[in-house]
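The structure under discussion is supplied below as structure tokens; questions concerning it will follow.
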Amino acid sequence: MTSQSKSHVFRKDAQWETLDTYWSSPLSFWSCKSLRVEPPVPLRVTVLGAVIATSEQGWINYGGMSAIFVQVVQARGRAGQRIRAEIHDEAVTEEDLG
């Protein structure tokens, strides 16, 4: 179930740009989210500047224990390229996409 949809236009070529930020209470460390973009572009999740997850498939899961720090979901594309991002309140798996 989609909880939020938004579009994003990249400002610069090959630069990582923020699509979403997420913080979760230590009491709900099991909570996970996912982000899916169309058309697919490279995605990554960073915590305190360190990359903790990457994806080339156009979707990525985030949240969990490391979300007690602020997680930043970023995408990389061409300047002027528009993508549509869907943020879901649960993690997705390969089976969910097929």
**Report entry** Test item: I83 and S7 side chains (from C-beta on) under 4.5 Å apart, heavy atoms
**Finding:**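 A side-chain contact under 4.5 Å is absent here.
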
Query raised in the report: CD/E90 to OG/S3 distance, rounded to the nearest 0.5 angstrom?
Result: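 E90 CD to S3 OG: 8.0 Å, rounded to 0.5 Å.
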
Requested in this report: Using a 4.5 Å cut-off on heavy atoms from C-beta on, say whether the side chain of S24 contacts that of F69.
Outcome: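 Side-chain contact under 4.5 Å: no.
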
Query raised in the report: So K33 and D89, side chain to side chain contact (heavy atoms under 4.5 Å, CB included) or not? Walk me through it.
Result: CA-CA 5 Å; K33 297 178 78 164; D89 287 331; 4.0 Å; yes

Query raised in the report: So do L35 and L19 actually touch side chain to side chain, heavy atoms under 4.5 Å?
Result: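 Side-chain contact under 4.5 Å: yes.
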
Report task. Go through the structure and list residues passing side-chain contact (heavy atoms from CB on, under 4.5 Å) with S25, not counting sequence neighbours. Result ->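 Residues passing side-chain contact (heavy atoms from CB on, under 4.5 Å) with S25: W23, L27, S28.
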
Query raised in the report: What's the spacing between Q57 CD and R36 CZ if we round to 0.5 Å?
Result: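 Answer rounded to 0.5 Å: 10.5 Å.
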
Requested in this report: Considering non-hydrogen atoms only, spot the tightest contact between F10 and A75 and give its length.
Outcome: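 Reported closest heavy-atom pair: CE2-O, 3.5 Å.
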
Query raised in the report: Is there a donor in the side chain of Q71 and an acceptor in the side chain of S66, or the other way round, less than 3.5 Å apart?
Result: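 Yes - a donor-acceptor pair under 3.5 Å links their side chains.
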
Query raised in the report: Could you walk me through whether V72 and V45 pass the side chain to side chain contact (heavy atoms under 4.5 Å, CB included) check?
Result: CA-CA 5 Å; V72 178; V45 178; over 6 Å; no

Query raised in the report: Of all heavy-atom pairs between P42 and W16, which one has the smallest distance, and what is that distance?
Result: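 Here P42 and W16 meet closest at O-CZ3, 3.5 Å.
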
Query - Value rounded to 0.5 Å, distance of CD in Q81 from CZ in R76 - result: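 Reported value, rounded in 0.5 Å steps: 11.5 Å.
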
Query raised in the report: Are L43 and I52 linked, directly or through other ILVMFWY residues, by side chains that come within less than 4.5 angstrom of each other?
Result: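 Yes; I52 is reachable from L43 via cluster members.
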
Requested in this report: Give the C-alpha distance, both sets of side-chain angles, the deciding distance and a yes or no for side chain to side chain contact (heavy atoms under 4.5 Å, CB included) between E17 and H8.
Outcome: CA-CA 9 Å; E17 298 184 19; H8 178 82; 2.8 Å; yes

Query raised in the report: How about K6: does its NZ atom have over 12 heavy atoms from other parts shown lying under 6.0 Å from it?
Result: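 Yes - once you tally the heavy atoms of other residues, nucleotides and ligands closer than 6.0 Å, there are more than 12.
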
Requested in this report: Determine yes or no for a side-chain-to-main-chain donor-acceptor pair under 3.5 angstrom, with S34 supplying the side chain and I60 the backbone.
Outcome: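 Checked: no pair found.
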
**Report entry** Verdict with reasoning, Y62 to T21, per side chain to side chain donor-acceptor pair (under 3.5 Å)
**Finding:** CA-CA 10 Å; Y62 57 108; T21 57; over 6 Å; no

Query raised in the report: Going through the checks in order, is the side chain to side chain contact (heavy atoms under 4.5 Å, CB included) test met by V37 and W59?
Result: CA-CA 6 Å; V37 295; W59 65 272; over 6 Å; no

Report task. Write down the atom of A79, the atom of D13, and the distance for their closest heavy-atom approach. Result ->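 Where A79 meets D13 most closely, the heavy atoms are N-OD1, 2.6 Å.
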
Query raised in the report: About how many Å separate OG of S5 and CZ of R84, when rounded to the nearest 0.5 Å?
Result: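 Going from the CZ atom of R84 to the OG atom of S5 covers 4.0 Å.
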
